[in-house]
Amino acid sequence: MIKETVAYAKKAEREIIFDAEHFFDGYKANKDYAIKCLKAAEGAGADVLCLCDTNGGTLAFEVQKIVTEVKPQFKTPLGIHAHNDSECAVSVSGMAVFCGCTQVQGTINGYGERCGNANLCSIIPILKLKLGIDCVTDAQLKRLTEISRHVAEIANLPQSAHQPFVGRSAFSHKGGIHVSAVTKHPGTYEHIKPELVGNERRVTISELSGVSNLLVKAEEYGVNLKKESPETKTLIKTLKEMENQGYSFEEGEASFELLVKRALGDFTPFFELEEFNIKTAKEGEKGTQSVAHLKIKVKNKNFDAAGEGDGPVNALDSALRKVLENLYPALKTMKLTDYKVRVLNSEAGTAARVRVIIESADEKDVWNTVGVSTNVIEASWLALVDSIEYKLMSEGKK
Ligand SMILES: [Zn+2]
């Protein structure tokens with residue numbers, strides 16, 4: 001069957017990649033038969049013989065042994081097709097290439113059935129930067145992070161922050177000692193230069209014990225802080241207080257940037273809240289509806305607005321937008337993409353302090369803001385306001 005099928009397709013002048021499904025398990029069970037299958041495909045003119053680890057159970061050392069045995073028996077180029085069921089698809093693919101395979105089958109971000117296929121976003125930089133195989137140009141490699149995020153967006157899946165090479169946290173550092181070490185000797189905590197794959201170093205703000213974190217972070221925002229200056233000391237004090245209250249700037253970086261700019265008097269708020277009033281009701285058979293009334297001040301003028309929504313936060317957002325979108329049309333491109341609530345001191349039951357994290361996005365950018373309060377609506381409001389202020393501040397910069 002293999003011989004007839006390959007020969008038929010070859011007669012139609014097509015390129016034939018023969019996927020030897022279950023090859024590694026087949027080889028372990030019956031070496032001769034597995035080799036005969038490949039020989040049949042080669043004899044009929046296949047262009048590539050691809051060795052498949054169809055159930056994803058093969059480990060890299062087994063692939064090394066098997067490919068080393070198989071390779072000398074064929075003139076036709078070999079390929080590798082690995083699945084990630086043992087979380088080894090990348091290492092299996094890299095090993096196969098190391099042992100002489102010249103085609104790798106995989107997917108962007110490792111998307112695929114079950115636990116996924118081999119992740120090309122890791123394999124490509126491993127081949128290029130670690131095995132010295134010129135499989136893509138330097139310029140193409142620099143677009144890897146962008147491609148990974150773009151495909152994630154099309155698939156409507158969040159890109160994992162911890163994805164090697166291309167994830168947002170792949171080159172992020174926290175803790176004073178790490179940060180000062182990595183700026184002096186990047187190799188201490190970075191295995192490659194993030195720019196090579198189009199990613200970037202990030203310093204995350206958690207436990208701001210070290211001043212060095214704050215200084216490096218502020219520099220990213222174009223703010224030049226001096227180590228001993230009174231502003232820096234006040235800022236550290238404020239940050240510690242806020243962290244004690246339950247703020248986590250690691251998950252709300254945009255709020256942190258605003259906080260630094262506010263503390264330095266570098267920021268004029270785009271609007272101020274005078275009061276809000278929210279009613280949430282369930283009437284009869286209808287679902288729960290919320291209505292929010294707002295009084296805000298923009299550029300010294302007072303505005304009233306009302307908005308409806310599926311819940312109180314949605315209603316606040318829609319009331320706020322009724323006023324602000326007229327004054328700042330750029331807000332129309334922004335939407336809230338995620339909303340998370342975490343209870344901070346759960347022993348206090350429903351009176352506990354909560355942290356709200358809001359993720360927002362426009363066509364270009366994604367940003368996170370944070371609010372903390374004993375009242376979930378107030379915490380949401382704080383995160384919502386930061387989210388909008390951040391968008392307007394970014395527009396201002398443009
Ligand atoms: Zn497969």
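What's counted below: heavy atoms across the whole structure, side chains too, no hydrogens, waters or symmetry copies. Each ligand, and each atom within it, is numbered from 1 in the order the structure gives.
Put simply, the side chain of Glu42 gets close to the backbone of Lys75: a donor and an acceptor are under 3.5 Å apart.
The existence of a salt bridge linking Arg321 and Asp317 is confirmed by a sub-4.0 Å separation between a basic side-chain nitrogen and an acidic carboxylate oxygen. Between Asp47 and Lys10 a salt bridge is recorded (basic side-chain N to carboxylate O distance below 4.0 Å).
Taking the N/O/S atoms of His83 in turn, the shortest distance to the Zn ion (ligand 1) belongs to NE2. Here the N, O or S atom of His81 that is nearest to the Zn ion (ligand 1) is NE2.
Inclusion of Cys52 in the first shell of the Zn ion (ligand 1) is not supported: no N, O or S atom falls under 2.8 Å.
Using bins of under 30°, 30° to 60° and over 60° for the plane-to-plane angle, the ring pair Trp381/Phe276 lands in the tilted bin.
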